[in-house]
**Q** 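Before I ask anything, here is the structure I am working with.
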There are 2 protein chains.
Amino acid sequence: MKYIEKLRNSGLRPTKQRLKICEVLFNSEKTFHFTINELDKKIKKQISDKISLATIYNTVHAFEKKGYLKQIPINSNQTYFDTNISDHHHFYDLKEEKLIDLENADVGPINILKKINGKKIKSVEVLVKLED
Amino acid sequence: MKYIEKLRNSGLRPTKQRLKICEVLFNSEKTFHFTINELDKKIKKQISDKISLATIYNTVHAFEKKGYLKQIPINSNQTYFDTNISDHHHFYDLKEEKLIDLENADVGPINILKKINGKKIKSVEVLVKLED
DNA sequence: CACCTTTTTAGAATCATTATAAACTGCGTC
DNA sequence: GACGCAGTTTATAATGATTCTAAAAAGGTG
């Protein structure tokens, strides 16, 4: 299994559940956006054994902390995650309620001129809302 | 009352509750960020009569729909609103869990190069996360 | 004032997320 | 392989923001 080492290297035990979640998240051709609820459904479809919802929450948060997933800053009743951890931004189609990737090159350089004492910039995230 | 007309012009009846919420939101020197919970406390402090939490939710949403308030896109368990409706962005101090305004001039022009068929851009919002 | 619509309200309902505490498992050691 | 223990998983309960409900109250017009 290719994910065993990845998990071990992060100090996460490669449990059955985590390995399966890895497959669902990272084995696909394309990166994708998901909510916990959507991920839960996807897992149910792809595997026979059941993984508890609590475990899915735990795992997603663990992966996010390790940098294998990113949260997408958007106002929604559910939290959106992204398997694309490269530096990029998002369109949000208000009508379809769908996220679309915006590569960094599609946005151009962003230059934050204001500085805050003693703080450094961890990330710069752009959300572009779309309407018809 | 200076807010009566404003409300009438938006098709909102100038009720006692809405006028008081207007005062709390729009009478201050500076604009500010708030959650519903924080607004509720602020209202309790400033006025004697009680305004139901449901009314605060209703009113904030009505004001947002009319463009008197903006939601700030950020992942949090609570929704953040902004009385500053000008085109601007935000720092988010992860440690203090505090939002700081970033004027448009502090960010520089943002040029979205990618186009989506049949959709137009409604807003471009930048969130800059800060760490120590 | 009468009437009708909009608004307010308390409380219940919803729903994502987190906490709990018991059972289980990976893994190093013997 | 058995043992032991910390790290995990799990079902379930708890939490907490937000929305719903339906009845009472209040604007606004004639």
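Proteins come first, then strands; the chains are lettered A, B, ... in the order of their sequence lines, and each starts at number 1.
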**Q** Of B:T31, B:D106, B:D101, which meets side chain to side chain donor-acceptor pair (under 3.5 Å) against B:H88?
**A**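 It is B:D101; the other options fail the test.
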**Q** Examine distances only and state if a side-chain atom of A:N9 and a backbone atom of A:E5 form a donor-acceptor pair shorter than 3.5 Å.
**A**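 Yes.
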**Q** Looking only at side-chain N and O atoms, does B:K50 come under 4.0 Å of OP1 or OP2 in C:dA10?
**A**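 So the side chain of B:K50 is within the cut-off, an N or O lying under 4.0 Å from OP1 or OP2 of C:dA10.
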**Q** Could you tell me how far apart B:L12 (CG) and C:dT5 (C1') are, to the nearest whole angstrom?
**A**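 Spelled out: CG on B:L12 to C1' on C:dT5 is 14 Å.
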**Q** So where does chain A start and stop touching DNA chain D, 5' to 3', when the test is distance under 4.0 Å to a non-hydrogen atom?
**A**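 Result: D:dA6 to D:dA11.
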**Q** May I ask you to decide if the ring planes of A:F26 and A:Y68 are parallel, tilted or perpendicular, using 30° and 60° as cut-offs?
**A**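 Judged by the thresholds at 30° and 60°, the geometry between A:F26 and A:Y68 is perpendicular.
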**Q** With sequence neighbours left out, write down each residue that passes salt bridge (Lys or Arg N to Asp or Glu O under 4.0 Å) with B:D49, or none if nothing qualifies.
**A**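 B:D49: salt bridge (Lys or Arg N to Asp or Glu O under 4.0 Å) contacts with B:K20.
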**Q** If I take atom CD1 in residue B:I21 and atom C1' in nucleotide C:dT8, what distance separates them, rounded to the nearest angstrom?
**A**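 These atoms are roughly 10 Å apart.
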**Q** Hydrogens and angles aside, do A:N75 and B:Y80 bring a side-chain donor and acceptor to less than 3.5 Å of each other?
**A**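 No, no side-chain donor-acceptor pair sits under 3.5 Å.
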**Q** Could you state the atom-to-atom distance from CG of B:L7 to C1' of C:dT6 in whole Å?
**A**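 B:L7 atom CG is separated from C:dT6 atom C1' by 13 Å.
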**Q** Which parts of nucleotides 11-30 of chain C does protein reach within less than 4.0 Å, heavy atoms only, written one letter per nucleotide 5' to 3' as B for base, S for sugar-phosphate only and - for none?
**A** -----SBB------BBS---
**Q** For A:Q71 and A:T79, what are the C-alpha separation, side-chain angles and deciding distance, and is it a side chain to side chain contact (heavy atoms under 4.5 Å, CB included)?
**A** CA-CA 7 Å; A:Q71 255 191 260; A:T79 304; 3.2 Å; yes
**Q** Please determine whether a side-chain nitrogen of the Lys or Arg among B:K95 and B:E131 lies less than 4.0 Å from a carboxylate oxygen of the Asp or Glu.
**A**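 Salt bridge absent between B:K95 and B:E131.
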**Q** Side chains of A:Y3 and A:N27, heavy atoms from C-beta outward: is any pair under 4.5 Å?
**A**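 They are in contact (side-chain heavy atoms under 4.5 Å apart), so the answer is yes.
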